[in-house]
Amino acid sequence: MSEPLETRYDPGANEEKIYKLWEKSGYFNPDKCIEDGVTQKEAEVFSIVLPPPNVTGNLHMGHAAMLAVEDILVRYARMRGKRTLWIPGTDHAAIATQSKVEKLIKKEEDKSRHDLGREEFLKRVNVFAKESHDTIVRQIKAMGASVDWSREAFTLDEPRSLAVRTAFKKMYDAGLIYRGNRVINWDPKGQTTVSDDEVVYEERKAKLYTFRYSKDFPIPVATTRPETKVGDTAVAVHPDDVRYKKYVGEEYDVEFAGVPLHIKIIADPAVDKEFGTGAVGVTPAHSHTDWEMAERHKLPLKQIIDEKARMMTPEVPALNGKKVLEAREFILMWLKENDLLLKEEETTQNVAAAERTGGIIEPLPKLQWFVDVSKQFDRETLKQMMRRVVTDGEIKIIPERFEKTYYHWIDNLRDWCISRQIWYGHRIPVWYRGEELYVDVDAPEDKGWEQDPDTLDTWFSSGLWTFSTLGWPNETNDLKTYHPTILLETGYDILFFWVARMILMTGFILDQVPFRTVYLHGLVRDEKGKKMSKSLGNAIDPLVMSEKYGADATRLSLIVGAAPGNDIKLSEDKIRGYRNFATKIWNAARFVLMNEPEGFDTAILKNWVPETKKDEGYLKELTDVKREVAEHIEKFELHLAAEKAYHYFWHTFADKIIEAQKPALKSGEEKDKLGSYVLLRKILEECLVMLHPFMPFVTEAIYRRIYPEGLLMVKKWED
RNA sequence: GCGCCUUUAGCUCAGUGGUAGAGCGUUCCGUUCACAUCGGAAAGGUCGUAGGUUCGAUCCCUACAAGGCGCACCA
């Protein structure tokens with residue numbers, strides 16, 4: 001035994017050093033483990049990707065929780081002798097990053113991206129993304145995550161770009177990607193389309209106006225958006241509605257607020273007889289459901305709102321170019337003046353807003369690229385395939401209840417709009433020359449072609465993540481060895497955005513599932529249950545906590561009491577509590593090592609058999625606890641595993657077993673001293689192994705004191 | 001409208017078909033050496049409400065209530 005341990009464990013003085021030691025060993029990389037004989041070549045594989053954090057800034061507690069869960073599973077697998085790969089990376093997060101940088105430039109230089117131009121703007125974004133990336137990497141390391149940095153990837157780097165273009169081409173050739181003029185969600189603020197999943201709804205009070213288009217129009221209709229009514233091409237009623245049956249099929253020409261309208265009366269089951277007047281003014285260009293109705297009834301489409309959310313009514317100069325809210329007032333005035341407004345009542349409506357920019361969504365028709373989720377390929381559609389792999393059990397979702405949520409989402413899924421009018425992202429691999437269109441991985445060689453200016457939805461590239469990180473489209477060994485990955489661990493809030501899209505992309509492209517098990521963790525909230533966010537000022541910074549209490553304590557605070565899929569309420573007190581545990585581990589070790597007999601030889605530990613029934617009982621209990629902890633980890637019940645290990649160490653090992661040995665150690669005969677010491681030493685070392693996945697730094701720090709050349713990280717976890 | 005979750009000690013949460021546990025907090029006691037970032041002890045719960053199944057329910061079923069969430073509708 002060399003130097004005695006200090007009375008306290010100092011995370012600040014140890015963590016960085018230990019992480020460097022791990023990195024230097026090369027054992028985050030499974031190839032190196034095999035090379036050095038730490039892992040058997042034929043060993044079972046444990047592979048997992050790190051959900052790539054967005055390069056929009058810092059990591060928050062949610063990321064820390066994710067890193068903690070994954071690192072525990074990864075370290076456990078590695079100590080179990082599995083061929084363990086954890087791939088790190090970052091996500092370019094197209095819209096999120098672009099809008100963040102746009103805001104910064106606006107604030108600092110009062111310029112828009114158009115002032116800078118595409119090339120210069122992208123340079124700026126890249127600089128920002130690089131800085132953000134570096135911060136993220138530092139933070140991942142600070143949390144102790146044992147990821148294989150040699151395989152680090154970025155959703156927008158060259159290998160991933162090739163994967164994206166190849167995937168696009170493959171899907172286009174199969175007819176699963178098409179270009180179509182459809183009503184999409186337009187974000188006037190971000191000046192781009194967004195997918196259905198990027199739309200968030202907020203309930204607001206609104207007025208419902210009941211009116212007639214003109215004096216002699218037979219059916220009154222109700223609306224919350226009178227300004228869109230200049231785009232109506234039909235009035236829809238329910239097929240069984242006796243009030244209106246006689247009008248169905250009739251067509252009327254009216255002049256509404258100076259705009260000539262041609263209105264056809266149609267019958268469609270989508271109409272609710274009870275709502276409003278039971279008749280709907282159909283605006284095919286500015287409503288998803290109306291557009292679908294228009295498709296069914298072959299109605300014309302009349303766009304009257306442009307991309308700036310302004311009116312397009314050249315017939316009425318006074319209205320033309322007005323913002324929608326001003327236009328609403330204008331129409332209401334006109335209705336009142338002409339005595340056509342019948343009723344005005346309070347109602348609540350869900351206002352659709354773009355998730356990233358907060359812009360109020362304006363549905364409008366636009367020529368965009370879509371993934372067709374209802375087209376057959378290989379005897380089924382993407383929708384059916386996504387459903388099948390979960391119902392068949394090829395993919396298991398934990399907690400199971402989210403499987404229902406997943407099915408529900410699939411059943412309501414519409415074609416996925418993948419083109420965005422932003423600059424930061426994967427440029428769509430399509431080129432145009434007049435009427436010609438060219439789709440391929442690389443640009444056409446002859447002249448005159450122009451590439452589509454749009455970029456792809458960021459989730460298109462993240463959807464390929466489990467295999468683009470393994471080298472696809474190249475047939476790499478990594479791909480053969482590690483795909484499908486064993487586990488995907490992520491927050492339930494991106495089940496649709498990401499998990500579902502990965503299943504979709506992988507299912508089509510590789511005819512595989514991307515992962516066997518999906519483990520969904522909850523969101524980290526503050527002690528009052530509020531979602532942590534910078535703007536609310538209630539965010540607890542994982543790095544600050546790690547500096548204050550150690551990464552081990554921060555990790556454990558995010559694990560204990562956090563059942564899968566349930567939100568985690570976190571307070572600084574809790575983190576402090578687990579810092580105390582790290583101290584306890586340190587001091588228990590300190591005590592044991594202080595009592596090491598002169599000239600102690602560690603060889604004795606190997607074949608040591610307890611001499612008393614009591615010691616035998618202690619060892620039995622230890623083995624039981626360790627096995628139970630392992631079982632919990634294997635069932636992804638980390639909260640139970642951590643609590644059990646914690647409880648055993650503190651209240652059994654420290655409180656009872658150590659206390660019981662004190663008399664012998666203090667005043668016993670040499671033989672008893674040795675016996676007691678070996679017992680404690682044995683249990684201590686086993687505990688270090690058992691606790692290492694949860695608290696890697698403090699356990700490794702102690703282990704290095706005992707075995708200066710050893711590495712706990714790759715010590716075998718035996719049964 | 002469809003669906004999901006939560007409701008257990010002051011707080012945060014575990015948990016089991018046989019009348020409840022942990023951590024933190026609180027109160028009291030303790031500082032001759034592993035640790036006061038500690039140890040010991042104590043107080044504190046009719047396990048949301050009402051029914052049902054059962055020999056027996058906090059745990060199973062039904063209804064209800066409160067809180068939260070997802071999806072759809074939102075004319």
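Just so it is clear, the model here is predicted, and its values are computed rather than measured. Quick note: numbers below take in every heavy atom, side chains included, and nothing from hydrogens, waters or symmetry partners.
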Is it the case that A/K644 places NZ or CZ above or below the six-membered ring of A/F649, under 6.0 angstrom from the centre and within 45 degrees of the axis?
no

With side chain to side chain contact (heavy atoms under 4.5 Å, CB included) as the criterion, how do A/D493 and A/L523 come out once you've worked through the C-alpha distance, each side chain's angles and the decisive distance to 0.1 Å?
CA-CA 8 Å; A/D493 53 333; A/L523 308 180; 3.6 Å; yes

Nearest to the A/D655 side chain among B/rC5, B/rG39, B/rC2, which nucleotide is it?
B/rG39

Is there a donor on the side chain of A/E637 or the base of B/rA14 sitting less than 3.5 Å from an acceptor on the other?
no

Applying the 3.5 Å cut-off to both distances, the Watson-Crick or G-U partner of B/rA34 turns out to be none

If the C1' atom of B/rC73 is compared with that of B/rG15, how far apart are they to the nearest Å?
41 Å

As its Watson-Crick or G-U partner within any shown strand, both distances under 3.5 Å, B/rA63 has B/rU49

Report yes or no: is the cationic atom of A/R501 (NZ for Lys, CZ for Arg) under 6.0 Å from the centre of the six-membered ring of A/W416, at an angle within 45° of the ring normal?
yes

Classify A/G577 by what it touches in the nucleic acid, base, sugar-phosphate, or nothing, heavy-atom distance under 4.0 Å.
nothing

Taking only the side-chain heavy atoms of A/E659 (C-beta and beyond), determine which of B/rA72, B/rC4, B/rA34 contains the nearest atom.
B/rA34

With rounding to the closest Å, how many angstrom separate the P atoms on B/rG1 and B/rC61?
23 Å

Send over the distance from A/M293 CE to B/rC73 P, rounded to a whole Å.
11 Å

B/rA14 P sits how many Å from A/H647 NE2, rounded?
17 Å

Given B/rA72, B/rC2, B/rA34, the nucleotide with the shortest approach to the side chain of A/N350:
B/rA72

Rounded to the nearest angstrom, tell me the gap between atom CD in A/E572 and atom P in B/rG23.
21 Å

cation_pi(A/R387, A/Y407) dist<6.0 Å, angle<=45
yes

In whole Å, I'd like the distance from the CZ atom of A/R579 to the C1' atom of B/rU37.
4 Å

Could you tell me the Watson-Crick or G-U partner of B/rC28, where both distances fall under 3.5 Å? Say none if there is no partner.
B/rG40

Look at all strands and tell whether A/L495 reaches a base, only sugar-phosphate, or nothing, counting heavy atoms closer than 4.0 Å.
nothing

Given B/rA72, B/rG70, B/rA34, the nucleotide with the shortest approach to the side chain of A/Y201:
B/rA72

Take atom C1' in B/rA65 and the same atom in B/rG39, then report the distance between them in whole Å.
45 Å

Think A/N580 has a side-chain N or O under 4.0 angstrom from the OP1 or OP2 of B/rC38?
yes

Considering every strand and a 4.0 Å limit on heavy-atom distances, what is the contact class for A/D411: base, sugar-phosphate, or nothing?
nothing

Using a 4.0 Å heavy-atom cut-off, does A/F402 contact any base of the nucleic acid, only the sugar-phosphate backbone, or nothing at all?
nothing

Closer to the 5' end of RNA chain B via nearest nucleotide, is it A/V199 or A/Q349?
A/V199

OP1 or OP2 of B/rG23 under 4.0 Å from side-chain N/O of A/H651:
yes

Options B/rC74, B/rC38, B/rC71, nucleotide nearest the side-chain atoms of A/T289:
B/rC74

What is the distance, to the nearest angstrom, from the CG atom on A/D573 to the P atom on B/rU37?
15 Å

Evaluate ring-ring contact (aromatic ring centres under 6.0 Å, His included) for A/F653 paired with A/Y648, printing each intermediate quantity in order.
CA-CA 6 Å; A/F653 181 53; A/Y648 174 79; 7.0 Å; no

Minimum-distance nucleotide (side-chain atoms of A/T583 versus B/rU37, B/rA34, B/rC74)
B/rU37

Which whole number of Å gives the distance between the P atom of B/rC13 and that of B/rU19?
27 Å

OP1 or OP2 of B/rC71 under 4.0 Å from side-chain N/O of A/T405
no

B/rA14 - base-pair partner by Watson-Crick or wobble geometry, distances under 3.5 Å
none

Would you classify A/K404 as touching base, sugar-phosphate or nothing, given that sugar-phosphate means primed atoms plus P, OP1 and OP2, and contacts are heavy atoms under 4.0 Å?
sugar-phosphate

Between B/rC24 and B/rA14 - C1' atom distance, rounded Å
14 Å

Atom pair distance, as rounded to whole Å: CD1 in A/I568 and P in B/rC24:
19 Å

Between B/rA22 and B/rC47, how far apart are the two C1' atoms, rounded to whole Å?
15 Å

With rounding to the closest Å, how many angstrom separate the P atoms on B/rA63 and B/rC4?
11 Å

Taking the side chain as everything from C-beta on, heavy atoms only, tell me whether A/Y244 gets closer than 4.5 Å to A/T277.
yes

Name the nucleic acid region contacted by A/K662, choosing base, sugar-phosphate or nothing; use a 4.0 angstrom heavy-atom cut-off, strictly under.
base

Checking all strands, does A/R8 fall into the base, sugar-phosphate, or nothing category for heavy-atom contacts under 4.0 angstrom?
base

Complement of B/rC73, any strand, by Watson-Crick or G-U distances under 3.5 angstrom
none

When all nucleic acid strands are considered with a 4.0 Å heavy-atom cut-off, which category describes A/V282: base, sugar-phosphate, or nothing?
nothing

Take A/Y406 and A/F402 through the test ring-ring contact (aromatic ring centres under 6.0 Å, His included) and record every step on the way to the result.
CA-CA 6 Å; A/Y406 173 80; A/F402 281 102; over 10 Å; no

Taking the six-membered ring for Trp, are A/W586 and A/Y9 parallel (under 30°), tilted (30 to 60°) or perpendicular (over 60°)?
tilted

Cation-pi between A/R182 and A/F370: NZ/CZ under 6.0 Å from ring centre and within 45° of the ring axis?
yes

Identify whether any heavy atom of A/H632 sits under 4.0 Å from a base atom; if not, whether one sits that close to sugar-phosphate; answer base, sugar-phosphate or nothing.
nothing

Shortest side-chain distance from A/H639, nucleotide among B/rC38, B/rG15, B/rC35:
B/rG15

Regarding the side chain of A/A588, the nearest nucleotide among B/rC5, B/rA34, B/rC2 is B/rA34

For a quick check of understanding: with a heavy-atom distance under 4.0 Å over all strands, which category does A/S287 fall into, base, sugar-phosphate or nothing?
nothing

Quote, to the nearest angstrom, the P distance that separates B/rG44 from B/rU27.
16 Å

Which is true for A/A563 with a 4.0 Å heavy-atom rule: it touches a base, it touches only sugar-phosphate, or it touches nothing?
sugar-phosphate

Can you measure A/D272 atom CG to B/rC74 atom C1' for me and round it to whole angstrom units?
10 Å

Pair A/Y252 and A/F217, ring centroids less than 6.0 Å apart:
yes

Nearest-Å distance, CD1 (A/I410) to P (B/rA72)?
14 Å

Tell me whether the side-chain N/O atoms of A/W586 come closer than 4.0 Å to OP1 or OP2 in B/rU37.
no

Looking for any heavy atom pair under 4.0 Å, which part of the strands does A/Q661 touch: base, sugar-phosphate only, or nothing?
nothing

Report which part of the nucleic acid A/T224 touches: base, sugar-phosphate, or nothing (heavy-atom distance under 4.0 Å, all strands).
sugar-phosphate

Of A/D196 and A/Y209, the one whose nearest nucleotide on RNA chain B sits closer to the 5' end is A/D196

